[in-house]
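Some notes on the structure that comes next.
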2 protein chains.
Amino acid sequence: MKTQLKKGTLDMCVLAVLAQADSYAYELVSKLSQGMDISEGTIYPLMRRLQNELWVSTYLVESSSGPSRKYYKLTDNGRRELESMRREWQEFVAEVENVLRGGPAAMTEEAPQ
Amino acid sequence: MKTQLKKGTLDMCVLAVLAQADSYAYELVSKLSQGMDISEGTIYPLMRRLQNELWVSTYLVESSSGPSRKYYKLTDNGRRELESMRREWQEFVAEVENVLRGGPAAMTEEAPQ
DNA sequence: ACAAGATACCTTGTATTGCAAGGTATCTTT
DNA sequence: AAAGATACCTTGCAATACAAGGTATCTTGT
């Protein structure tokens, strides 16, 4: 999967997953990896960003199958941001599809050759 | 419009516009600017890339309203690449929408708290 | 008891790309 | 001659995804 396409969408995807249930970074990677590639090197800095923006809060939970997990929980702020991101995403997709359809109002000037 | 979302899509958008008619960088900016922001600082390096990949060829045309224009024309190679990009784009959008819908097959493990 | 493997956390450095800011030259209009 | 539009271009910066590497914990096999 093309790396560049993901830019800007992974935040939204992570927030969307967290909107369903709290989760931790390692699990988020495996969840998202089912459909799109995402690696640990991506998720940890990303989660830090989400936390800095106050879109998620964290709590530690001991696991019976390994080291403690740092769970992330969507904040009210994060929920609002997710909705905002959704809107922007839909508008963006609509515009790209428009261009792909031959959309950007072909100027009235014929091309040579 | 969010900068990051555009990454990876602008190449495709430019190729799609060129699939309709040859054009030059300055005009491409004004065409695409109708729906999505794109600036000259973006387009020139981008066109260079497309040319290096042999997806477009160029020819100069004198203008009666300013300096000569460097027209870009989609190559056969570029046309194939455009189709490939379209497919990847559609798959990508489908997967993101899937995640947004709550898609990534919720693992059978309940989150605490 | 020890090694191996899975789970879970993290950082560093690199590549790509979009963009603001700045620069040059041409042509038309005033 | 000056101003503005057209058209080309480069440099340096910011954001983000990721490979590669590192640490620690817990379970399982031998």
Side-chain angles (χ1 to χ4, degrees), chain A residues 1-15 22-33 36-53 56 58-72 85 88 92 95-96 107 109 111-112, chain B residues 1-15 22-33 36-53 56 58-72 85 88 92 95-96 107 109 111-112:
Chain A
M1 178 174 284
K2 283 286 176 55
T3 292
Q4 296 300 324
L5 286 183
K6 301 180 207 163
K7 303 230 169 154
T9 64
L10 290 184
D11 300 30
M12 180 177 62
C13 287
V14 165
L15 292 180
D22 296 358
S23 187
Y24 51 100
Y26 193 82
E27 188 186 43
L28 284 167
V29 169
S30 74
K31 275 187 182 176
L32 289 169
S33 287
M36 54 201 323
D37 305 332
I38 182 174
S39 63
E40 289 193 42
T42 301
I43 200 78
Y44 288 101
L46 192 159
M47 297 315 295
R48 175 90 54 187
R49 257 160 26 218
L50 298 186
Q51 204 177 345
N52 288 343
E53 299 283 355
V56 297
T58 66
Y59 55 92
L60 278 179
V61 175
E62 288 172 38
S63 164
S64 58
S65 66
S68 314
R69 300 162 173 173
K70 188 196 262 184
Y71 271 84
Y72 294 91
M85 285 177 169
E88 288 191 64
F92 176 71
E95 184 50 37
V96 171
M107 314 204 98
E109 185 179 1
Chain B
M1 178 173 285
K2 282 288 176 53
T3 292
Q4 296 300 323
L5 287 183
K6 301 180 207 164
K7 303 232 168 155
T9 63
L10 290 184
D11 300 31
M12 180 177 62
C13 287
V14 166
L15 292 181
D22 297 357
S23 187
Y24 52 100
Y26 193 81
E27 188 187 43
L28 285 166
V29 169
S30 74
K31 276 188 180 172
L32 290 169
S33 287
M36 53 201 323
D37 305 332
I38 182 175
S39 63
E40 289 192 43
T42 301
I43 200 78
Y44 288 102
L46 191 159
M47 296 315 296
R48 174 90 53 188
R49 258 163 21 220
L50 299 186
Q51 205 177 343
N52 287 342
E53 299 283 355
V56 298
T58 67
Y59 55 92
L60 278 179
V61 175
E62 289 172 38
S63 164
S64 57
S65 67
S68 314
R69 299 162 173 172
K70 187 195 261 184
Y71 272 85
Y72 294 91
M85 285 177 168
E88 288 190 63
F92 177 71
E95 184 50 38
V96 171
M107 314 204 98
E109 186 179 359

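Each chain gets a letter, A, B and so on, in the order the sequences are listed, and its residues count up from 1. Values below: every heavy atom of this structure, side chains too, minus hydrogens, waters and symmetry copies.
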Protein-nucleotide distance (B:E62, atom CD; C:dC27, atom C1'), rounded to Å: 12 Å
Any residue meeting side-chain contact (heavy atoms from CB on, under 4.5 Å) with B:S65, in chain and number order, not counting sequence neighbours: B:S63, B:R69
Length of the line joining B:Y44:OH and C:dA20:P, which is rounded to integer Å: 15 Å
Partner residues of A:E88 under the side-chain contact (heavy atoms from CB on, under 4.5 Å) criterion, sequence neighbours left out: A:S84, B:K2
Aromatic plane relationship, A:Y71 with A:Y59 - under 30° parallel, 30 to 60° tilted, over 60° perpendicular: parallel
Salt bridge (Lys or Arg N to Asp or Glu O under 4.0 Å): pairs with one or both residues in residues 41-51 of chain B, sequence neighbours excluded: B:D11-B:R49
From CA spacing to verdict: side chain to side chain contact (heavy atoms under 4.5 Å, CB included), B:T3, B:D37: CA-CA 9 Å; B:T3 292; B:D37 305 332; over 6 Å; no
C:dG18 phosphate, OP1 or OP2, under 4.0 Å from B:K2 side-chain N/O: no
Covered region of DNA chain D, 5' end to 3' end, by chain B [heavy atoms, under 4.0 Å]: D:dT6 to D:dT16
d(CE, B:M36; C1', C:dC19) in whole Å: 14 Å
Sugar-phosphate, base or nothing in reach of B:K7, heavy atoms under 4.0 Å: base
Between C1' of C:dT11 and NZ of A:K70, the distance in whole Å: 13 Å
Touch class at under 4.0 angstrom, heavy-atom based, for B:T42 against every strand present: base
Earlier contact from the 5' end, DNA chain D, for A:D37 and B:P67: B:P67
Residue whose closest nucleotide on DNA chain D lies nearer the 5' end, A:P45 versus A:S63: A:P45
Separation of C:dT12 P from A:E40 CD (nearest whole Å): 16 Å
Residues forming a side-chain contact (heavy atoms from CB on, under 4.5 Å) with A:S33, sequence neighbours excluded: A:V29, A:I38
Degree of bending, the helix from C:dA1-D:dT30 to C:dT30-D:dA1 (end axes from five pairs; round to 10°): 0°
Protein-nucleotide distance (B:D11, atom CG; C:dT17, atom C1'), rounded to Å: 9 Å
Partner set under side-chain contact (heavy atoms from CB on, under 4.5 Å) for A:E53, not counting sequence neighbours: A:W55
CG-OG1 distance between B:L50 and B:T58, expressed to the nearest 0.5 angstrom: 12.0 Å
Distance, nearest 0.5 Å, that separates CE of B:M36 from CZ of A:F92: 4.5 Å
Presence of B:S65 side-chain N/O under 4.0 Å of C:dC27 phosphate oxygens OP1/OP2: no
d(CD, B:Q4; P, C:dT16) in whole Å: 16 Å
Nearest-Å distance for atom pair CG/P, residues A:L46 and C:dT12: 17 Å
